[in-house]
Participant: 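Before I ask anything, let me first share the structure, which is written out below as structure tokens.
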Protein chains: 2
Amino acid sequence: MELSQRKEKILAAVVEHYIKTGEPVGSKTLLSALDITVSSATIRNEMAELAALGYLEQPHTSAGRIPTNEGYRYYVDNLMGVRPLDESVKRRIEAGISLKNASPEAILAKASEFLADMTDCAAVSTTPSGENATIKRIEFVPVGTRTGMIVLLTSTGVIKSKVCRSDVDLNSSMIEKFYNIVKSSFLGLPLDDIDTATLQTLVASMGADALTMIPFVSAVSELAQEAMRTMVMLGGQSNILRYREDYGTTAYELMDFLRRGEPISQLLANSKEDFDVKIGGENKFKQLENSSVIMAHYNIDGDNRGSIGIIGPTRIDYASLIPSVRYLTDLVGELLTQTLNED
Amino acid sequence: MELSQRKEKILAAVVEHYIKTGEPVGSKTLLSALDITVSSATIRNEMAELAALGYLEQPHTSAGRIPTNEGYRYYVDNLMGVRPLDESVKRRIEAGISLKNASPEAILAKASEFLADMTDCAAVSTTPSGENATIKRIEFVPVGTRTGMIVLLTSTGVIKSKVCRSDVDLNSSMIEKFYNIVKSSFLGLPLDDIDTATLQTLVASMGADALTMIPFVSAVSELAQEAMRTMVMLGGQSNILRYREDYGTTAYELMDFLRRGEPISQLLANSKEDFDVKIGGENKFKQLENSSVIMAHYNIDGDNRGSIGIIGPTRIDYASLIPSVRYLTDLVGELLTQTLNED
DNA sequence: GTTAGCACTCACGCTAAAAGAGTGCTAACG
DNA sequence: CGTTAGCACTCTTTTAGCGTGAGTGCTAAC
């Protein structure tokens with residue numbers, strides 16, 4: 001649907017004014033905000049048409065207009081000025097997420113926290129997907145007479161460790177056997193190839209050693225599962241209270257939604273574009289029907305590996321937050337790539 | 001201050017009714033809730049005296065009474081029936097926190113989450129203090145030509161690991177040197193002995209090797225710091241919205257308070273008793289002035305090592321939640337002790 | 001197509017009145 | 001003297017009424 005230039009100007013002004021104030025905006029207010037030499041009546045006519053087209057709505061008959069989700073969508077797609085990010089903001093973001101010698105998890109946790117503070121929204125991020133990751137290294141460290149620690153390192157730089165317990169006293173031949181199994185069956189293996197089926201054939205092939213090795217082998221498998229699971233890092237839940245009225249009764253549902261990692265990682269993984277904006281009910285989660293999500297995906301070594309996003313009310317400041325989220329996400333990608341390739 | 005038996009009955013009834021409904025309770029309501037054969041006028045007289053003593057107050061002249069913080073305090077200390085926990089509740093708690101083969105962190109995170117769900121409050125827990133912990137084991141695992149992973153295990157079962165980078169290519173003699181340093185200077189050392197002063201003397205004593213060893217040694221020190229830092233596990237922030245009206249304007253402050261770990265760990269560490277209840281402003285944090293905290297401390301091998309607590313409105317259901325928190329905390333202590341001693 | 005003008009709608013704020021809940025006090029009672 | 005019935009009193013809450021103002025939609029003229 002194409003709009004006349006004047007309609008676009010008006011729509012943009014309504015959206016921007018409503019984002020700023022949270023109040024319905026009327027024709028006279030627009031008149032002064034707009035550098036257009038028409039009367040308020042004309043604006044009223046235009047607004048009536050915009051309402052008929054579904055871009056604006058009235059809370060009640062004698063109030064100003066507020067944007068519908070479609071209105072926001074049109075604004076984001078066509079009207080929003082994509083001004084480049086201010087240098088000072090860039091600097092601030094760079095400073096905000098710089099962490100030396102940190103694990104991917106720590107970097108992303110920091111990014112969520114920082115993004116939340118910067119945007120006054122709730123922020124989420126997912127750790128790099130383990131989809132294409134392989135097992136880079138497995139180490140066994142004896143700890144007690146029957147316990148040892150298994151450490152697993154993936155090609156994506158994720159470290160997972162676990163204490164595991166043997167049914168019999170440890171001895172050096174067992175450990176040697178374990179390393180043999182590791183070398184022959186685990187090293188270099190994609191994480192998602194380690195399912196129960198593979199494990200069973202592996203255990204079967206071990207013959208007499210199977211009994212003593214099972215705890216170790218299954219520990220490795222658990223670690224692989226853990227390393228593969230994308231974690232969701234959360235920040236700024238308290239910011240939901242900041243826009244409480246905008247969320248209405250869904251505020252609680254929203255908070256509750258945030259604490260469950262699974263749906264969030266679905267939400268973030270759902271879009272394949274470089275970045276994505278979901279306005280109100282555009283995403284399938286009814287807990288988010290009064291919220292908008294701005295998300296971007298970061299790349300590691302050129303591969304799309306995870307996402308960072310913010311969740312705010314539908315009247316979120318798209319124009320200035322979208323570039324920030326994108327910039328920060330790109331930066332995180334670079335940071336992770338760099339951390340990973342520092343051999 | 002001793003109260004007559006009848007006053008105590010009335011106070012208890014007011015507290016319990018207000019906890020249940022959140023509405024000020026009047027003399028007639030009490031009459032039916034109480035199995036006392038007196039008139040409402042008598043109750044009014046008693047309530048007036050209780051108000052004069054500071055245990056009750058009126059939101060306004062013609063409303064019923066609500067408990068003051070002192071009222072809650074008297075109730076918790078003297079009136080609250082300490083009925084033993086229901087078997088089914090015990091069962092539920094046991095099921096809720098059972099995790100096999102889990103790290104202390106995971107157990108405590110799960111405990112917070114579960115406790116929050118069970119009590120409809122925000123729940124917090126702290127990981128075992130590293131105060132008396134020593135370094136049990138340090139392992140170096142080469143990963144790349146110049147990077148290696150250092151793994152540290154403490155006597156309290158905490159595992160911390162970190163990838164660290166050398167300035168020169170790794171070789172076996174360096175690794176051997178590192179293990180020598182570890183053996184002579186780190187193993188068995190209390191975590192809190194590892195400060196910058198010790199490190200400097202250590203580095204100084206290394207002579208020519210100092211330059212190449214510094215990254216590793218300082219990585220160990222960072223890991224020790226990390227292992228010593230008590231972490232705060234959070235659960236159920238969304239439950240704050242559940243009692244929003246009770247928190248009043250402090251709801252946001254409360255949420256914001258929760259996300260900072262430091263003050264919470266102070267709050268929890270502050271009490272030396274086995275368990276503790278802080279009502280309203282009894283704790284020093286003004287963000288909690290409309291909240292009550294129920295906390296208990298868990299022991300590992302008989303030592304007080306950490307805490308678990310819930311934070312709710314002052315009209316929290318003390319009688320039924322206190323035993324739950326205590327039971328769960330004891331259980332977590334047992335679980336951690338057991339996990340730790342399973343050599 | 002634009003604009004001035006005007007009637008109309010509806011939320012909002014204010015006031016007044018009525019309802020309701022609950023108290024405190026007084027006087028009588030056992 | 002503690003207890004109780006009765007009642008006046010206080011203060012919140014609810015309801016209704018009414019003007020005000022913001023903002024619209026429509027019509028007729030430009």
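Naming convention: chains lettered A, B, ... in sequence-line order (proteins, then strands); numbering from 1 in each chain. Values below: all heavy atoms of this structure, side chains included; hydrogens, waters and symmetry mates excluded.
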Participant: Can you sort out the partners of B:Arg6 under salt bridge (charged side-chain N to carboxylate O under 4.0 Å, His left out), two or more places apart, ordered by chain and number?
Facilitator: B:Glu46

Participant: The criterion is ring pair (Phe, Tyr, Trp, His ring centres under 6.0 Å); which residues satisfy it with B:Tyr72, sequence neighbours excluded?
Facilitator: B:Tyr318

Participant: Nearest whole Å is fine: how far is D:dG23 C1' from A:Leu30 CG?
Facilitator: 12 Å

Participant: Could you go over nucleotides 2-6 of chain D and give all protein N or O partners under 3.5 Å, atom names and distances?
Facilitator:
unit_1: D:dT3; atom_1: OP1; unit_2: B:Arg6; atom_2: NH1; d: 2.8
unit_1: D:dT3; atom_1: OP2; unit_2: B:Arg6; atom_2: NH2; d: 2.9
unit_1: D:dT4; atom_1: OP2; unit_2: B:Ser39; atom_2: N; d: 2.9
unit_1: D:dT4; atom_1: OP2; unit_2: B:Thr42; atom_2: OG1; d: 2.5
unit_1: D:dG6; atom_1: O6; unit_2: B:Arg44; atom_2: NH2; d: 3.3

Participant: Which parts of residues 56-72 of chain A get close to DNA chain C, meaning a heavy atom less than 4.0 angstrom away?
Facilitator: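 When residues 56-72 of chain A is checked for heavy atoms under 4.0 Å from DNA chain C, the hits, listed by number, are A:His60, A:Thr61, A:Ser62.
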
Participant: Please set out all donor-acceptor pairs under 3.5 angstrom arising from side-chain atoms of residues 320-327 of chain A, sequence neighbours excluded.
Facilitator:
unit_1: A:Ser320; atom_1: OG; unit_2: A:Asp317; atom_2: OD2; d: 2.8
unit_1: A:Ser324; atom_1: OG; unit_2: A:Ser320; atom_2: O; d: 3.2
unit_1: A:Tyr327; atom_1: OH; unit_2: A:Glu94; atom_2: OE2; d: 2.4

Participant: I'd like to know if A:Glu253 pairs up with A:Lys286 as an ion pair, taking the criterion as any Lys NZ or Arg NE/NH1/NH2 lying under 4.0 Å from an Asp or Glu carboxylate oxygen.
Facilitator: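 Here A:Glu253 does not pair with A:Lys286 in a salt bridge, since their nearest N and O are not under 4.0 Å apart.
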
Participant: Please enumerate all residues that pass salt bridge (charged side-chain N to carboxylate O under 4.0 Å, His left out) together with B:Glu23, with sequence neighbours excluded.
Facilitator: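 Not a single residue meets the salt bridge (charged side-chain N to carboxylate O under 4.0 Å, His left out) criterion with B:Glu23.
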
Participant: Could you walk me through whether A:Glu87 and A:Arg91 pass salt bridge (Lys or Arg N to Asp or Glu O under 4.0 Å), step by step?
Facilitator: CA-CA 6 Å; A:Glu87 275 306 316; A:Arg91 220 69 51 71; 3.5 Å; yes

Participant: I'd like to check the ring pair (Phe, Tyr, Trp, His ring centres under 6.0 Å) partners of B:Phe257; sequence neighbours left out, ordered by chain and number.
Facilitator: B:Phe285

Participant: Using whole Å, what does the distance between atom C1' of nucleotide C:dG24 and atom CD of B:Glu49 come to?
Facilitator: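 Atom-to-atom, B:Glu49 to C:dG24, this comes out as 13 Å.
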
Participant: When the distance from CD1 of A:Ile43 to P of C:dT3 is rounded to whole Å, what number comes out?
Facilitator: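 Result: 9 Å.
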
Participant: Using the salt bridge (charged side-chain N to carboxylate O under 4.0 Å, His left out) criterion, which residues pair with A:Glu49? Sequence neighbours excluded.
Facilitator: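 By the salt bridge (charged side-chain N to carboxylate O under 4.0 Å, His left out) rule, A:Glu49 matches A:Lys7.
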
Participant: Thinking salt bridges, do A:Asp117 and B:Arg259 make one under a 4.0 Å N-O criterion?
Facilitator: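 Judged by the 4.0 Å cut-off on N to carboxylate O distance, A:Asp117 and B:Arg259 do form a salt bridge.
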
Participant: To the nearest Å, give me how far apart CE (B:Met47) and C1' (C:dG24) are.
Facilitator: 11 Å

Participant: Go ahead and write out DNA chain D as dot-bracket, 5' to 3': ( ) for pairs within the strand, [ ] for ones crossing earlier pairs, | when the partner sits on another strand, dots for unpaired; Watson-Crick or G-U wobble, both distances under 3.5 Å.
Facilitator: ||||||||||||||||||||||||||||||

Participant: Using a strict threshold of under 4.0 Å (side-chain N to carboxylate O), is an ion pair present between A:Asp86 and A:Lys90?
Facilitator: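 A:Asp86 and A:Lys90: not salt-bridged.
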
Participant: Identify, with sequence neighbours excluded, every residue that meets side-chain contact (heavy atoms from CB on, under 4.5 Å) alongside B:Thr68.
Facilitator: B:Glu57, B:Glu70

Participant: Would you list the atom pairs, donor with acceptor, under 3.5 Å between side chains in residues 26-38 of chain B and any protein atom, with sequence neighbours excluded?
Facilitator:
unit_1: B:Ser27; atom_1: OG; unit_2: B:Arg44; atom_2: NH1; d: 3.4
unit_1: B:Ser32; atom_1: OG; unit_2: B:Thr29; atom_2: O; d: 2.9

Participant: Name every residue in residues 10-22 of chain B that has at least one heavy atom under 4.0 Å from any atom of DNA chain C, in order of residue number, or write none if there are no such residues.
Facilitator: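 Those residues: none at all.
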
Participant: To the nearest Å, how far apart are A:Leu31 CG and D:dT24 P?
Facilitator: 11 Å

Participant: Separation of B:Leu50 atom CG from C:dG24 atom C1', in whole Å?
Facilitator: 16 Å

Participant: Checking side-chain polar atoms at under 3.5 Å, does A:Ser112 have a donor or acceptor matched by the opposite partner on A:Ser125?
Facilitator: yes

